[in-house]
Asker: 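Submitted below is the structure of interest, expressed as structure tokens.
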Amino acid sequence: MPADPQWIEDALLRWIVFVPLGTALASGLLLAVFRRTLSSSLVVWMSCGSVFASFGLSSLSFAKLVGLFGEVPVDDVPPRVLIDTLYTWVGVGVGNSAFSADLAFRYDALSAVMCLVVTGVGFLIHVYSVGYMRADTRDDGGLQRFFCYLNLFIAAMLVLVLADNLLLMFLGWEGVGLCSYLLIGFWYGDRQNAYAGSKAFIVNRIGDFGFIVGILLLFWSMADAGQPAVSFRAIEAGFGSVASQTLALPGWLGGGEIGLATSIGLCFFLGAVGKSAQLPLFVWLPDAMAGPTPVSALIHAATMVTAGVYMAVRLSFLYEAAPGALVVIAWTGGVTAVFAALLATAQNDIKKVLAYSTISQLGYMFLAVGCGAYAIAIFHLVTHAFFKALLFMGAGAVIVATHHEQDMRRMGGLRKKLKLTYWVMVAGVLAICGFPGFSGFFSKDEILTSVFFAHELPGHVALYWMGVATAGLTAFYMFRLLFLTFHGKTRLPRGRRGELDDPEDTMMWPLQILAVLAVLGGIIGLPQFWGDRIGVAESNSLGHFLASVVRLGEPHALDAGVVAQLVGGVLAASITGFGLAYVLYISRPGLREKLEPVLGVPRRVVARRFYVDELYDAVFVRPLVIFSDRVLSRGIDAGLIDGRLVMGSAHAVRGLAAHVLKHLQSGLAQAYLLLMLAGTVALLAYLVT
Amino acid sequence: MEAEAFDVAALAPLGFVAIGALVTLMLEVVLSRRAFVGEGVDPETRLVARARIGIVLAFASSAAIVLAMYAAIYQFELGFETAFGPGRPMLQLDALSTFATALIGLGALLSVWLSITYLPALRINHGEYYALLLLSTAGMFVLVSAVDLISLYLGLELTSLPIYALAGFNRRRLRSNEAALKYFLMGAVASAVLLYGMALLYGATGHTDFTGISQGFAGGGGLALSGLALVIAGLAFKVSVVPFHQWTPDVYEGAPTSVTAFMAVTVKTAGFVVLMRFLVLALPEMGEKVSVLLGVLAGLSMLIGNLMAVVQDNVKRMLAYSAVAHAGYLMVGFAAGTPEAWTAVLFYLFVYLFMTVGVFCVVIALAQGGREWDSIEDFAGLASQRPALAAVMTLFLLSLAGIPGTAGFMAKFYLVVAAVDAGQIALVLILVGTSMVSFFYYLRLPVVMYMQKRRQDPDAETSSSEIVVLALCAAAILYFAFFAQADPFGTGVRALDVAGRAADFLH
Amino acid sequence: MSIPIEHVISLSALLFVIGVVGALTRRNLIVILMSIELMLNAANLALVGFNRVWSVTAEGAARYDGQVFALMVIAVAAAEVAVGLGILLSLIRNRDSLNVDDASLLRW
Amino acid sequence: MSFEMFLFYAFAFLAVFSAVAMIGFVRHIVAAAMSLVVTMVSLAGIYVLMHAELIAAIQILVYAGAIVVLFLFVIMLLDLRDGGLGPAARGQNLVKAVGVGGTVTIGTLVVASVSGVFSVNPLVESLPEGFGEHRALGIALFTDYALAVELVGLVLLASIVGAVILAKRKID
């Protein structure tokens with residue numbers, strides 16, 4: 001357990017949140033109430049400036065945290081936590097369990113990392129958006145609205161990562177969901193977008209249900225033990241006393257008992273599954289790609305979707321007491337990683353490939369969490385933020401350059417026209433595939449190493465091989481993307497072939513910065529083993545930095561042989577993937593047609609997303625709505641939309657209401673009277689007997 | 001404080017609105033005569049004159065309500081505690097009743113402001129409207145302080161009769177007639193059931209006052225329990241709890257929207273407060289059995305309300321089912337039955353007022369040309385045309401759904417915490433789960449407002465009275481989301497503490 | 001000897017049930033209104049009957065809770081009928097039917 | 001059986017009979033109103049037996065005198081044909097009537113028998129002088145129950161305003 005930290009009051013923290021929030025509110029208020037559209041350059045300066053200011057403040061706080069201004073060197077003081085308490089937000093004296101929650105921000109090592117990523121990458125994406133939205137012909141003068149939402153999102157995300165207690169975190173949690181919803185549906189008039197936005201929001205409800213129940217369960221059990229608490233500090237201090245309790249399962253769940261920590265952990269994990277698009281709640285993320293590309297980069301790759309990972313790490317003390325929950329997390333992550341990677345290989349929409357890739361990489365992060373390697377999960381989170389934002393924005397550049405072509409089958413040969421875009425994309429692809437020395441190499445390698453050594457985890461060998469397979473698949477689909485888009489002959493329609501060029505500079509220079517980060521970002525978490533080899537004294541600085549918040553595992557007994565084996569395995573898989581992609585898409589494209597009959601069935605299975613939607617349909621929807629033909633016929637109508645789990649149950653709810661309950665409300669006053677009097681008689685019978 | 005023989009000051013709020021009702025009636029007669037003297041007044045002039053009269057009457061009613069609220073708040077701050085009535089206490093003036101009086105007054109006040117431009121827009125601008133509204137308010141003032149079955153019954157009738165008429169106020173519209181008819185029929189039967197229950201309670205205990213009943217109740221006994229069941233059924237009707245809810249959607253949809261807003265907030269507040277007082281005073285040891293019963297009603301209301309709301313295409317109807325669902329949430333607090341739960345219920349009612357008035361105000365702001373714009377399609381693309389209206393509507397809906405950052409979340413949170421603490425885990429799970437379902441329908445409106453193109457193009461402007469109401473409601477929702485228990489401006493008033501004081505009526 | 005209170009209450013319950021059945025089954029609005037009146041009357045009978053039981057205090061003074069309540073109910077019943085008939089008239093102006101089932105525009 | 005008891009049962013029979021007639025088998029709506037009058041008057045008789053003379057008087061004045069007359073006025077106003085009762089009750093109604101009546105009655109009976117509903121205090125045999133007469137009740141009304149009387153005034157006012165606004169033929 002980390003040493004008791006030194007708490008420092010710092011009233012500057014609130015401004016990290018308030019600056020972007022204030023900008024968003026001011027611009028929104030002007031727009032909605034006073035109907036003032038500001039000039040686009042003012043909007044741009046305001047919103048980018050506010051995020052940059054927030055980044056500056058975060059950096060300043062970071063400096064304070066590591067004691068840059070301090071008198072004493074870092075190593076000699078206990079780890080510091082900056083805290084900024086505004087006032088008591090919620091406080092109830094409930095029976096024996098009076099508790100209160102402050103509106104307070106907390107800046108410790110974990111928040112610092114998240115905060116810097118959110119504001120730093122967020123700033124770059126803001127700048128990029130300026131160019132992107134300007135280039136977008138669909139834009140109907142909604143620039144101010146767009147940046148208003150974007151800033152609001154940054155503010156909500158910062159609340160999430162800076163929150164000192166679960167309630168405030170939940171505020172940020174819902175806030176980011178809301179902004180994501182607004183931004184996915186940004187181009188209104190397009191029913192598909194509106195639908196995707198609602199879907200994202202509604203799928204997340206299922207996760208949020210888990211989150212809320214987790215909070216309540218935690219609160220209830222802590223209050224029961226006489227230690228009511230909602231702030232992370234207090235929970236961490238008091239959780240030990242309830243961790244060993246058990247809950248009796250109700251009869252319909254088969255009875256028996258479940259550990260309290262495990263059940264709370266699983267509830268929270270359900271929240272994380274929704275937010276971070278893991279199996280089975282991943283269906284919303286690919287659809288969310290309907291939004292503008294900067295939104296995909298910011299929200300659906302770099303920041304919001306990692307909130308689930310952040311939460312799991314934030315609550316690591318809880319998961320430490322719940323090994324059962326960790327097993328579920330690890331397996332969910334591992335299966336999702338390989339599953340989503342498989343799906344990514346069958347996509348033709350460039351953004352969808354990246355969306356499934358994101359799901360897959362998030363699976364890696366949860367795999368790390370499940371192994372108890374929290375710092376490594378955060379390490380991968382950071383590097384992933386760099387290279388996935390880069391890839392999305394690169395894809396956005398391609399989309400803008402080709403005038404909104406997203407289908408890779410109609411691209412090709414763009415290498416010569418979009419030179420800069422090509423090279424930054426290459427950097428991103430190499431980073432995600434784990435090219436030795438690139439950021440993704442170290443983080444992925446670390447995750448697989450921890451899985452390999454996680455002996456306490458049931459089936460860790462299988463998980464390890466799933467991770468390796470995912471690495472191979474990742475290399476395959478990423479190079480497939482690269483080859484289809486940039487290599488070979490152009491397949492663009494003739495009309496669009498003229499004057500293809502890299503987009504304007506405001507879009508390109510964030511890409512270049514991110515490319516540098518994607519290549520070199522691994523340094524912050526350089527593993528000890530590699531540090532020793534290249535003579536860096538202080539390696540794994542991220543891990544040491546996070547040690548004040550999470551438990552670091554024992555260093556693995558690594559020797560050159562084991563490392564060679566581990567790295568070799570991953571590299572071999574990746575090279576296989578690359579080679580396959582190269583053969584199929586560059587050197588022998590004809591082979592694909594020949595393979596088609598052989599691969600037909602599995603390929604079709606993958607292309608139909610493993611028939612997940614159909615499975616949901618069969619398992620959840622049809623039994624529920626069997627009594628209603630209309631919904632049934634809707635359910636069979638596969639052309640409609642995918643993601644039947646959620647929309648299917650929505651339909652089931654609708655069906656139940658529309659076809660059964662509705663008939664109670666017949667419009668006949670006497671029928672109402674009858675029910676009312678029947679209710680009265682029932683009441684009477686119940687009370688009197 | 002010792003009960004004084006006839007402490008008229010105690011009745012100030014009731015007096016103000018009752019006198020206000022008489023004054024508006026008189027004013028209407030006098031002003032109308034002035035305006036329409038002579039035969040050949042053309043319709044146009046007539047309309048303008050009517051509009052002016054309407055404004056005068058609205059001001060008069062507002063003044064009466066503000067005075068009543070002021071009196072109530074003053075009494076609250078003084079810590080008034082008077083059992084009122086010559087000889088025998090009929091009304092109890094205490095923190096609960098003054099709190100509820102102020103709350104109902106606020107609901108009535110906002111409803112009056114909503115009506116100023118709405119009534120002319122629907123061409124139903126008759127002066128009696130305000131008198132009826134004030135009389136009903138007076139009835140609710142009686143209701144919330146009633147400590148005797150007689151005053152409870154009279155208060156209930158005084159509350160309901162004007163609302164039956166108000167629901168049918170749009171006489172030319174068949175739907176309005178029908179709403180009035182249904183509300184009347186169901187209401188009359190419900191009050192007959194209630195009355196019969198009261199008779200049985202009286203027969204079993206020999207008393208009509210709550211404390212007498214609680215003494216006589218001691219053993220329970222079939223007669224008393226039957227009476228109790230009928231009384232609960234009658235009151236459950238007023239707060240539209242399943243299975244006594246079926247009038248709600250029809251009446252909400254058919255009644256003029258300003259009336260819907262009025263009854264949605266005030267009747268619900270009054271009904272819940274009187275139910276609370278009755279349960280606590282007349283049944284001090286509210287056994288497990290009653291608690292289970294209330295829990296079942298709560299669960300049914302949450303489920304049915306939320307499920308039915310999903311399939312509605314009319315906004316007012318959807319909000320009616322949502323009101324049923326919210327009644328269910330509130331009943332969770334009743335099932336818990338702890339002082340904290342009462343506090344949470346009162347705070348919820350307080351917040352619910354702003355959300356509901358706000359939502360209906362948006363519907364009203366769309367009404368024009370003698371017709372309501374209340375189907376979901378009517379909201380399509382509103383965000384591009386009237387962005388502020390769409391924004392506050394979204395805020396109100398999100399608050400109703402209970403998303404963090406709105407007062408609706410805080411209200412729900414306190415309720416849930418109190419229920420968890422009282423061990424009502426199953427109900428809390430239903431509450432949280434059905435709240436998730438509620439996002440389905442609350443989100444439909446933002447989706448059509450923000451993500452569809454405007455189809456029709458009414459050129460209505462939001463009137464200044466509506467702007468005031470909307471701004472007030474929106475500000476309250478944001479304010480209480482963060483300062484339910486804080487006092488940033490140093491006023492010394494914390495909303496939750498106030499609710500707590502009001503709930504502390506058990507001595 | 002006086003009438004057993006049980007009989008009075010039974011009579012009142014019977015009348016109440018008849019009122020309920022009337023309100024539930026008759027289609028004619030005026031008859032439904034009359035049935036509601038019958039229910040109120042039944043409650044009044046119970047009140048007056050019970051007042052016979054609780055007619056004196058421990059000190060021997062007369063108590064009139066039930067009778068006063070009944071008086072109030074009579075007045076309220078009159079008020080209710082007035083409003084009910086008003087609603088009925090306004091309905092009839094728009095649609096020439098006294099059948100309660102015709103008022104089913106609002107549903108679902 | 002004392003004379004009092006005989007009177008009670010006579011009135012009770014009359015009341016129930018005419019109530020059933022009202023909801024059951026009269027052909028004309030005016031007949032239904034008349035049945036209601038009979039019920040009201042019978043109840044007034046019972047009130048007298050219960051030592052509630054003032055209530056009995058008011059019952060006749062207000063109910064039989066005012067309320068039923070109001071019904072009759074409306075019936076005349078509407079000029080109803082076919083007895084005003086609309087189409088003859090369908091078989092469905094009968095089923096419903098039997099079902100509802102049966103359920104409620106059985107419910108009531110079950111409740112009554114299971115819980116001993118009727119186990120109330122015995123009747124007070126020696127009533128004070130002038131119990132239930134106008135003087136005693138009047139004093140009670142204007143002392144203990146003065147507030148209730150005021151409230152009833154408001155209720156009546158509300159109903160008048162409401163009825164007028166709804167029923168007035170022309171309001172513009």
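In what follows, every heavy atom counts, from backbone to side chain, and hydrogens, waters and symmetry copies are set aside. Chain A is the first sequence line, chain B the second, and so forth, proteins listed ahead of strands; every chain is numbered from 1.
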Asker: Do B:Asp374 and B:Thr257 touch side chain to side chain, with heavy atoms closer than 4.5 Å?
Answerer: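 They are not in side-chain contact.
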Asker: Please report the interatomic distance CG(B:Leu230) to CZ(C:Phe16), rounded to the nearest 0.5 Å.
Answerer: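 If I round to the nearest 0.5 Å, the distance is 6.5 Å.
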Asker: Are B:Thr248 and B:Tyr321 packed together at the side-chain level, in the sense that at least one heavy-atom pair is separated by less than 4.5 angstrom?
Answerer: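 Sidechains of B:Tyr321 and B:Thr248: no contact.
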Asker: Which word best sums up how the rings of B:Tyr252 and B:Phe360 line up, parallel for under 30°, tilted for 30 to 60°, or perpendicular for over 60°?
Answerer: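 Rings of B:Tyr252 and B:Phe360: perpendicular, over 60°.
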Asker: Select one option (side chain, backbone, both, neither) describing which atoms of C:Ala42 are under 4.5 Å from chain B's heavy atoms.
Answerer: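 It is both, since atoms from each part get that close.
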Asker: Between B:Glu178 and chain C, which part of the residue has a heavy atom less than 4.5 Å away: side chain, backbone, both or neither?
Answerer: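 It is both, since atoms from each part get that close.
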Asker: Examine whether an atom of C:Ile32 lies under 4.5 Å from a heavy atom of chain B, and if so say whether it belongs to the side chain, the backbone or both; otherwise answer neither.
Answerer: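 The answer is the side chain of C:Ile32.
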Asker: Output the distance between atom CG (B:Leu225) and atom CG (B:Leu201), rounded to the nearest 0.5 Å.
Answerer: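 It is 9.0 Å, given to the nearest 0.5 Å.
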Asker: Is the closest side-chain donor-acceptor distance between B:Asp250 and B:Tyr183 under 3.5 Å?
Answerer: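 No.
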Asker: Please classify the contact between C:Leu88 and chain B as side chain, backbone, both or neither, with a heavy-atom cut-off of under 4.5 Å.
Answerer: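 Interface part for C:Leu88: neither.
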Asker: Under 4.5 Å from any heavy atom of chain C, what part of B:Leu154 do you find: side chain, backbone, both or neither?
Answerer: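 Just the side chain, heavy atoms under 4.5 Å.
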Asker: Is it the side chain or the backbone of C:Leu45 that comes within 4.5 Å of chain B heavy atoms, both, or neither?
Answerer: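 C:Leu45 has no heavy atom closer than 4.5 Å to chain B.
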Asker: Where on B:Ala179 is there a heavy atom nearer than 4.5 Å to chain C: the side chain, the backbone, both, or neither?
Answerer: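 Both backbone and side chain.
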Asker: Tell me, side chain or backbone of B:Ser151 under 4.5 Å from chain C's heavy atoms, or both, or neither?
Answerer: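 Neither part, no heavy atoms under 4.5 Å.
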Asker: What distance separates C:Asn44 CG from C:Leu40 CG, expressed to the nearest 0.5 Å?
Answerer: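 The distance works out to 7.0 Å.
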Asker: Considering only heavy atoms, which portion of C:Ser12 lies under 4.5 Å from any heavy atom of chain B: side chain, backbone, both, or neither?
Answerer: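 When you check distances to chain B, atoms from both the backbone and side chain of C:Ser12 fall under 4.5 Å.
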Asker: Atom CG of B:Leu228 and atom OG1 of B:Thr205: how far apart are they, to the nearest 0.5 Å?
Answerer: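 Answer for the CG-OG1 pair, B:Leu228 versus B:Thr205, is 11.0 Å.
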Asker: With chain B, which of C:Ala43, C:Ala79, C:Ala75, C:Ala77 has the greatest number of heavy-atom pairs at distances under 4.5 Å?
Answerer: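 Most heavy-atom pairs under 4.5 Å with chain B: C:Ala43.
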Asker: Select one option (side chain, backbone, both, neither) describing which atoms of B:Leu158 are under 4.5 Å from chain C's heavy atoms.
Answerer: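 When you check distances to chain C, no heavy atom of B:Leu158 falls under 4.5 Å.
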Asker: Among B:Ala188, B:Gly197, B:Gly168, B:Gly254, which residue has the highest count of heavy-atom pairs closer than 4.5 Å to chain C?
Answerer: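 Most heavy-atom pairs under 4.5 Å with chain C: B:Ala188.
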Asker: I need the residue from B:Met198, B:Glu157, B:His207 with the largest number of non-hydrogen atom pairs under 4.5 Å to chain C.
Answerer: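 Between B:Met198, B:Glu157, B:His207, the count favours B:Glu157.
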Asker: Taking all non-hydrogen atoms of both residues into account, name the closest pair between C:Ala70 and C:Leu47 and its distance.
Answerer: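 Looking at all heavy atoms of both residues, the shortest contact is N-CD1, 4.0 Å.
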Asker: Top residue by heavy-atom pair count (under 4.5 Å) with chain C, among B:Thr208, B:Leu195, B:Asp209?
Answerer: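 The answer is B:Leu195.
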